[in-house]
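Since the structure comes first, as structure tokens, the remarks are kept for the end.
Throughout, residue positions are numbered sequentially from 1 according to the sequence presented.
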Amino acid sequence: MINNSTDEEAYRFVFTKKVVFLLFGMMIRITSMAQIDVFSLVNHPNPPLKKIQNAVEYNLKNSRFYDFYEKNEYIRIPKPYQYNFFTEEAKLRLLELLKNTWTEEEIESHLTIKLAYELDTLNSRNSFYKRAKRIAKRDSIPIDKVWGQMLDKRSKAYKKLIINQKTPRDIALLAGYLKDKRFIPYLKTLATDTAYYYNYEAQLALAHYTIEPYHIEMVKKNSYSENLNFNSFRNRLENLAYICTKESLQHYYKFCRSSDKVYNSHGNGYDYMAETAIIGLSFLLKNKEMYKEIENIKMKYMKSGIYDENYLKEIQAVANRYFSSKDMNAMDCESIKLEIW
């Protein structure tokens with residue numbers, strides 16, 4: 001039992017010193033697991049696939065460690081994603097993340113940070129430690145015993161919060177993108193969980209599998225309509241591209257035929273909705289010639305600086321020619337590089 005302030009201060013110094021070393025060691029271990037920047041690998045003139053795959057595996061494996069988890073960097077995988085970036089090991093890790101299972105190391109990394117305030121006894125504003133001292137003095141109990149019990153209780157509360165965290169948005173969308181049947185039961189659980197903040201994304205993921213009623217509902221929810229603002233238009237277009245089925249691409253094409261304009265706060269005012277959709281369509285169809293034709297038309301009108309109805313009609317004619325000749329039943333979505341937004 002600590003009987004005077006001198007003993008107590010000495011105890012605090014020794015204990016805090018141990019805690020500081022513990023935290024320092026933990027942070028070194030955690031930051032050593034920081035994610036690999038695979039964007040530089042993909043942008044290499046000859047992208048090394050094996051290195052990309054290894055980096056994706058590593059990043060997914062360590063995606064729950066606190067130092068980048070809290071920075072909303074669950075996964076550092078280059079966009080557009082490609083199917084061959086994901087090995088079987090990467091898919092198994094995704095399955096673990098969908099199941100929401102946590103390792104002790106992952107939990108420990110979060111606890112270390114979350115308990116940093118409580119453990120900092122040299123902080124004069126540490127109300128947690130002050131309360132422990134008051135209780136110890138009132139009940140004539142050693143401060144280390146009181147504080148230890150309080151820390152244990154707080155740790156259990158934090159641990160419960162940590163393991164109850166829901167599956168990140170990107171993980172749900174990746175599980176849909178990769179179209180692995182093993183993911184379906186977990187996506188269905190997330191899609192029907194009203195407490196899950198990203199259940200819309202889980203439904204979108206199931207739509208990519210063409211699982212009903214999610215498929216047809218998501219296509220309808222993202223179909224063309226008039227008077228959309230820029231963000232709503234862009235989201236619908238991207239969601240239809242993500243679903244990437246015959247039905248969703250037919251609805252996508254309706255945006256290409258539109259004469260509507262949307263205000264783009266990131267650009268120079270109002271843009272034709274169809275222009276954005278048509279350029280995106282050239283990537284979906286994997287047609288470089290279509291893209292070049294559109295760019296040539298754009299350059300022609302750039303000289304006058306006027307992108308009028310004639311410009312719109314010309315690029316729509318190009319889109320119609322390529323889209324009408326494409327067999328939607330033979331659309332190979334798995335080889336298309338899709339963004340996950």
* K298: partners by salt bridge (charged side-chain N to carboxylate O under 4.0 Å, His left out), with sequence neighbours left out -> E275
* Asked: Rounded to the nearest 0.5 Å, how far does CG of L151 lie from CG of L111?
  -> 11.0 Å
* Minimum-distance pair of heavy atoms, taken over all atoms of S223 and R236 -> O-NH1, 2.7 Å
* Within a radius of less than 6.0 Å around CD of E89, do more than 12 heavy atoms belonging to other residues, nucleotides or ligands occur? -> no
* To do: Say whether, by atom type as modelled, one donor and one acceptor occur between the side chain of Q203 and the main chain of A191 under 3.5 angstrom.
  => yes
* Asked: What's the shortest heavy-atom distance between L204 and Y242, and which atoms?
  -> O-CE2, 3.4 Å
* Asked: Taking everything shown except K91 itself, do over 12 heavy atoms lie less than 6.0 Å from its NZ?
  -> yes
* **Polar side chain donor-acceptor pair, D308 to Y301, under 3.5 angstrom** => no
* **Member of Y253, Y252, F255, F233 meeting the ring pair (Phe, Tyr, Trp, His ring centres under 6.0 Å) criterion with Y224** => F255
* Ion pair E289/R321, N-O distance below 4.0 Å -> no
* Residue pair F183 / A175: nearest heavy atoms and the distance that separates them -> CD1-O, 3.3 Å
* Asked: Between K179 and H208, is there a donor-acceptor pair closer than 3.5 Å when you use the side chain of the first and the backbone of the second?
  -> yes
* Asked: Do Y197 side-chain atoms and P168 backbone N/O form a donor-acceptor pair below 3.5 Å?
  -> no
* Reported CD-to-NE2 distance for the pair E247 and H251, which is rounded to 0.5 angstrom -> 8.0 Å
* Is the backbone of K292 close enough, under 3.5 Å, to the side chain of N296 for a donor and an acceptor to pair up by distance? -> yes
* Does any N or O in the side chain of Y209 come within less than 3.5 Å of the main-chain N or O of K181, such that one atom is a donor and the other an acceptor? -> no
* To do: Please check if atom NZ in K137 has more than 12 non-hydrogen atoms from other residues, nucleotides or ligands closer than 6.0 Å.
  => no
* Hey, is CD on E309 packed in by over 12 heavy atoms from elsewhere, all under 6.0 Å? -> no
* Separation between CG of L240 and CG of N235, rounded to the nearest 0.5 Å -> 11.0 Å
* **Greater than 12 external heavy atoms within 6.0 Å of Y311's OH** => yes
* Structure fact -> So CD of E201 and OG1 of T167: to nearest 0.5 Å the spacing works out to 12.0 Å
* To do: Write down the atom of I315, the atom of I278, and the distance for their closest heavy-atom approach.
  => O-CD1, 3.8 Å
* Charged N-O contact under 4.0 Å between E217 and K221 -> no
* Considering all heavy atoms, the nearest L249-F323 contact -> O-CZ, 3.8 Å
* Is it the case that one hydrophobic cluster holds both I216 and I243, taking links as side-chain heavy atoms less than 4.5 Å apart, direct or via other members? -> no
* **Heavy-atom side-chain contact between L95 and Y186 under 4.5 Å** => yes
* When you measure from the side chain of E57 to the backbone N and O of A90, does any donor-acceptor pair fall under 3.5 Å? -> no
* **Same apolar cluster (I L V M F W Y, side chains within < 4.5 Å links), L97/L92** => no
* Distance from C256 atom SG to M273 atom CE, nearest 0.5 Å? -> 11.0 Å
* Ignoring hydrogens and angles, tell me if any N or O in the side chain of Y198 forms a donor-acceptor pair with the backbone of I171 under 3.5 Å. => no
* **Criterion side chain to side chain contact (heavy atoms under 4.5 Å, CB included) on R154 and M150, from CA distance to verdict** => CA-CA 6 Å; R154 182 64 60 90; M150 289 175 63; over 6 Å; no
* Donor-acceptor contact below 3.5 Å, side chain S258 vs main chain K254 -> no
* Asked: Quick one: does S232's side chain have a donor or acceptor within less than 3.5 Å of a partner on N229's backbone?
  -> no
* Counting only heavy atoms not in R182, do more than 12 fall under 6.0 Å of its CZ? -> yes
* To do: Output all residues satisfying salt bridge (charged side-chain N to carboxylate O under 4.0 Å, His left out) with D193, sequence neighbours left out; order by chain, then residue number.
  => K166
* Is R93 paired with E96 through a side-chain N to carboxylate O contact shorter than 4.0 Å? -> yes
* Structure fact -> Between the CG atom in D180 and the CG atom in L174, the distance rounded to the nearest 0.5 Å is 12.0 Å
